[in-house]
Amino acid sequence: MEDTLKITCLHDRHVQLGARMSPFAGFDMPIQYSGIIDEHNAVRHAAGMFDVSHMGEIFVSGADARKFVNHIFTNDVGALEAGKILYGMMLYPDGGTVDDLLVYKEAAPDLFLLVVNAANIDKDYAWMKENSAGFEVSIDNASDSWGQIAVQGPRSQEYLCGIPELSPSAALGFYEFRHASLLGSDIIVSRTGYTGEDGFEIYAPHHVICHLWDLFLNAGVKPCGLGCRDTLRFEAGLPLYGDELSAEISPVMAGLSIFCKLDKEEFIGREALLNQKTCGVERKLVGIEIDDNAIPRAGYPVLNEAGEVLGTVTTGYHSISLDRSVCFALVDSASAALGTPVQIQIRHKTFPGRVVKKRFYQTNYKK
Amino acid sequence: MAKIEEGLLYSESHEWVKVDGNVAIIGVSDFAQSEMGDITYVDMPAEGDEVGRGEDFGALESVKASSELYSPVSGTVVATNLELESAPELINKDPYLAWIIKVEMSDRTELDSLLSPSAYRTQTEK
């Protein structure tokens, strides 16, 4: 356990705004300001901003950088061009997931930025160091010197363009990034996010992050906490490490094979994934909807019609955008087909439902 | 600062009781609703169900969490607030108006162990 909670550079502002704060991944983070439903709807229909400064930024450089990233990463950075981003995972040799992350290819030759989950920064850094033997690379954990704001929602481009230094980034396509200069500092603007909406993630030194937060706040972007970050990513079918991916849950089990390039020469965990693809996996991650407003929560049992346990809910909500109760669950692969009738046990009652697609909400990314 | 209504009894688990003859009208306190945030679902028992003092009779669900409801008294459920099925947010709007269940009490002496408004205030301010 963490003895003392870390804080982000925006901590004072969260407290001043009256945010409800709670420990998350070792940081004292805002869970909500005006309320999860209000913030969720702001991101779906206008724009909201999140302090995600707790996320980790690890730079990999050196003559073997590209080869090394391809060694530890499931997606293929072999032809990744400067200014482009890829999503994928780092795996253990048995196919279990170390973390899911974004890889940014910088303009400088042999320079990559890896953006990792806050809870996993130390573990990931150690994992990279440990597996870098024989590669001519330098691995720099810069997490403490970078902050990050995510501006998300259909109006996020409009708000971005309200800041002249950032307006050229409106031309970015989805999963592209560029550098900009603000208050004399070099910053990164990428068209990425974790909400299912169009949006931008901005990486910058702490004083610039504070300045940007104030500018967006004054322009009318709604401050949003980690509470609605979870409801938004969930509706968009996006996994959260610890719930839908873990050392025990491989990307094949989680339905994320598309981000694992098995035709790549090699990467850690490749053989295990090939084996899982060939022989099948015991459990698969599915979406389930039930015909009641009761809420399936993480840990609740999933049953078949006869009442036998098929698996467990990993994340569940009464979806704010869809007004129905849905969840992700890890279930026996034999019961993972779309339309399979299942029940979820919620406290003393069971509620019938069925297996549905995990992307509950139609995402609206920039084409 | 959470509002504590006079003229009610309170449980340590943040339910309130309004006594109406031999019927206990039960809801949750302003403190409880503000801790929960936006309430999206109320899991209620059926009319005719027996409830025991200190036993859970249902739950409140917010977006983020569920919180069990504990009956401050024993007896039989004689009514549930059906309005909450379609409008659970009424509990956030006015927790002292949005009652949840009515219980025909089997042992009125159980009321003696509940908290007065001032005793409940002391507990929530701890």
Side-chain angles (χ1 to χ4, degrees), chain A residues 18-24 29-44 224-235 240 243 290-300 313 315-327 344-351, chain B residues 1-2 13-15 26 28 30-52 54-71 76-77 80-95 98 100-101 124:
Chain A
R20 182 168 298 184
M21 307 295 291
S22 183
F24 180 85
M29 296 297 288
I31 300 305
Q32 62 172 71
Y33 304 81
S34 57
I36 292 177
I37 295 174
D38 183 52
E39 294 164 26
H40 179 108
N41 286 327
V43 172
R44 285 279 181 256
C224 294
L226 296 184
C228 79
R229 189 166 160 83
D230 202 54
T231 57
L232 290 158
R233 70 91 191 168
F234 165 75
E235 287 182 349
L240 173 65
D243 290 344
I290 60 171
D291 306 317
D292 194 275
N293 287 334
I295 305 176
R297 304 277 182 196
Y300 289 2
V313 173
T315 303
Y317 285 108
H318 187 80
S319 162
I320 296 167
S321 298
L322 306 169
D323 193 23
R324 55 195 172 95
S325 287
V326 285
C327 66
I344 295 178
Q345 188 176 332
I346 300 176
R347 289 179 292 278
H348 310 302
K349 301 174 197 166
T350 55
F351 294 88
Chain B
M1 192 61 211
S13 49
H14 307 290
E15 289 82 15
I26 298 167
V28 296
D30 189 40
F31 177 82
Q33 74 77 21
S34 72
E35 284 291 296
M36 285 291 289
D38 299 324
I39 292 165
T40 57
Y41 182 77
V42 186
D43 182 3
M44 290 182 286
E47 258 179 57
D49 282 1
E50 298 289 320
V51 294
E55 289 175 11
D56 71 286
F57 68 83
L60 296 182
E61 303 260 20
S62 70
V63 174
K64 200 70 202 153
S66 65
S67 174
E68 308 221 302
L69 293 163
Y70 296 97
S71 183
T76 308
V77 178
T80 58
N81 188 350
L82 297 176
E83 236 188 327
L84 298 177
E85 284 183 359
S86 56
E89 68 277 7
L90 291 175
I91 294 178
N92 293 119
K93 285 191 185 131
D94 188 346
I100 300 171
I101 58 169
T124 56

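Every chain is numbered from 1, with letters handed out A, B, ... down the list of sequences.
Going from atom NZ of B:Lys64 over to atom OG1 of A:Thr231 covers 7.5 Å, rounded to the nearest 0.5 Å. Note that CD of A:Glu39 and CG of B:Asp38 are 9.0 Å apart. Values are rounded to the nearest 0.5 Å. With rounding to the nearest 0.5 Å, the separation of CG in A:Asn293 from OH in B:Tyr41 is 7.0 Å. Of the inter-residue distances, the one linking A:Ile36 atom CD1 with B:Ser62 atom OG reads 6.5 Å to the nearest 0.5 angstrom.
Side-chain contact check for B:Thr40 versus A:Ile37: some heavy-atom pair is nearer than 4.5 Å.
In this structure, no portion of A:Ile31 lies under 4.5 Å from any heavy atom of chain B. For B:Glu89, no part lies near chain A; criterion is any non-hydrogen pair under 4.5 Å. Residue A:Asp292 touches chain B through its side chain alone, counting heavy-atom pairs closer than 4.5 Å. When heavy atoms are compared at a cutoff of 4.5 Å, A:His40 does not approach chain B at all.
The pair A:Arg347-B:Glu61 meets the salt-bridge criterion, with a side-chain N (NZ, NE, NH1 or NH2) lying under 4.0 Å from an Asp/Glu carboxylate O.
Residue-environment remark: CD (B:Glu83) stays at or below the threshold of 12 foreign heavy atoms within 6.0 Å.
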Derivation and outcome, side chain to side chain contact (heavy atoms under 4.5 Å, CB included), residues A:Gln32 and B:Val63:
CA-CA 11 Å; A:Gln32 62 172 71; B:Val63 174; over 6 Å; no
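B:Asp43 and A:Lys349 get closest at one heavy-atom pair: OD1-NZ, 2.8 Å.
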